[in-house]
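Only one structure is covered here, and it is reproduced in the block below.
These values consider heavy atoms only, across backbone and side chains, with no hydrogens, waters or symmetry-generated copies.
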Amino acid sequence: QVQLAESGGGSVQAGGSLTLSCTASGFTDWNTYCMTWFRQVPGKEREGVASLWTGGGTQYYADSVKGRFTISQDGADNTLQMKSLKPEDTAMYFCASDLYNPGCPDLESPEQYDYWGQGTQVTVSS
């Protein structure tokens, strides 16, 4: 059974840093897949933040986080390093995976992801 579990959320002041982790289990039948971080605030649509295709390490970032966020993969763990955090980064962060297609779906297409974690809250105060 495929499962994703996020950790590492919390509260930080603007300009600070946080690192989120997503631990995957049940991926034994897949050698390559896409891992993506989304975020969502109440009343707004889910926003794709960063993706990584494990087949070649290709990364994709939303314009709003380029230069500040870094996605990486180490075995079953996916990590999102977040620096220079802003109050507008406050959201529930989810990791998601697409196991069935080569490459990564568009960051604007959360409906193409098959598995989701429960989310971890990130709060950035000014």
Side-chain angles (χ1 to χ4, degrees):
Q1 183 180 1
V2 174
Q3 291 184 324
L4 301 174
E6 303 95 338
S7 61
S11 297
V12 65
Q13 289 191 328
S17 301
L18 280 175
T19 298
L20 306 183
S21 295
C22 176
T23 299
S25 59
F27 278 32
T28 53
D29 292 340
W30 291 272
N31 293 320
T32 56
Y33 47 87
C34 179
M35 292 294 291
T36 296
W37 287 90
F38 289 86
R39 64 187 182 187
Q40 190 170 24
V41 297
K44 292 190 176 181
E45 294 186 353
R46 199 161 287 192
E47 174 191 15
V49 172
S51 289
L52 184 147
W53 166 242
T54 64
T58 306
Q59 301 165 26
Y60 308 88
Y61 295 95
D63 288 342
S64 58
V65 306
K66 280 181 182 176
R68 300 189 299 120
F69 289 14
T70 302
I71 188 172
S72 61
Q73 187 83 22
D74 182 8
D77 295 327
N78 185 277
T79 299
L80 185 69
Q81 294 180 307
M82 306 184 295
K83 299 180 180 180
S84 301
L85 284 163
K86 305 175 181 179
E88 51 263 44
D89 294 319
T90 295
M92 183 71 78
Y93 283 71
F94 302 86
C95 62
S97 64
D98 175 6
L99 305 180
Y100 304 110
N101 299 294
C104 282
D106 193 288
L107 283 172
E108 299 177 356
S109 302
E111 70 281 359
Q112 296 194 37
Y113 287 82
D114 311 290
Y115 299 97
W116 292 81
Q118 294 299 307
T120 185
Q121 178 68 36
V122 172
T123 302
V124 184
S125 58
S126 57

For the pair Lys86 and Arg68, evaluate side chain to side chain contact (heavy atoms under 4.5 Å, CB included) and give the outcome as yes or no after the intermediate values.
CA-CA 10 Å; Lys86 305 175 181 179; Arg68 300 189 299 120; 3.8 Å; yes
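- Taking the six-membered ring where the residue is Trp, the centroids of Trp37 and Phe69 are separated by 6.0 Å or more.
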Yes or no on side chain to side chain contact (heavy atoms under 4.5 Å, CB included) for Glu47 and Ser64, after CA distance, side-chain angles and deciding distance?
CA-CA 10 Å; Glu47 174 191 15; Ser64 58; 3.4 Å; yes
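- More than 12 heavy atoms of other residues, nucleotides or ligands lie within 6.0 Å of CD in Glu88, so this atom counts as buried by the packing criterion.
- Other residues, nucleotides and ligands place no more than 12 heavy atoms under 6.0 Å from the CD atom of Glu45.
- For the residue pair Asp77 and Ser21, no side-chain donor N or O sits within less than 3.5 Å of a side-chain acceptor on the partner.
- A distance below 6.0 Å separates the ring centres of Phe27 and Tyr33.
- Counting all heavy atoms, side chain and backbone alike, Trp53 lies closest to Cys104 at N-SG, 3.8 Å.
- The pair Lys66-Asp63 meets the salt-bridge criterion, since a charged nitrogen lies less than 4.0 angstrom from a carboxylate oxygen.
- Geometrically, Arg39 does not engage Phe94 in a cation-pi contact defined by less than 6.0 Å to the ring centre and at most 45° from the axis.
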Using side chain to side chain contact (heavy atoms under 4.5 Å, CB included), reason through Thr36 and Cys95 one step at a time and then give a plain yes or no.
CA-CA 6 Å; Thr36 296; Cys95 62; over 6 Å; no
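- Distance alone, capped at 3.5 Å, places no donor-acceptor pair between the Asp98 side chain and the Met35 backbone.
- Leu18 and Tyr61 fall within a single hydrophobic cluster, where Ile, Leu, Val, Met, Phe, Trp and Tyr are joined by side-chain heavy atoms under 4.5 Å apart, directly or via other members.
- Within 6.0 Å of the CD atom in Gln13, the count of heavy atoms belonging to other residues, nucleotides or ligands does not exceed 12.
- Here the side chains of Ser125 and Ser11 are not in contact, with every heavy-atom distance at 4.5 Å or above.
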Run the side-chain hydrogen bond (donor to acceptor under 3.5 Å, both in side chains) check on Ser97 and Tyr113 step by step: do they pass?
CA-CA 6 Å; Ser97 64; Tyr113 287 82; over 6 Å; no
Worked verdict on Met82 versus Val122 for side chain to side chain contact (heavy atoms under 4.5 Å, CB included)
CA-CA 10 Å; Met82 306 184 295; Val122 172; 3.9 Å; yes
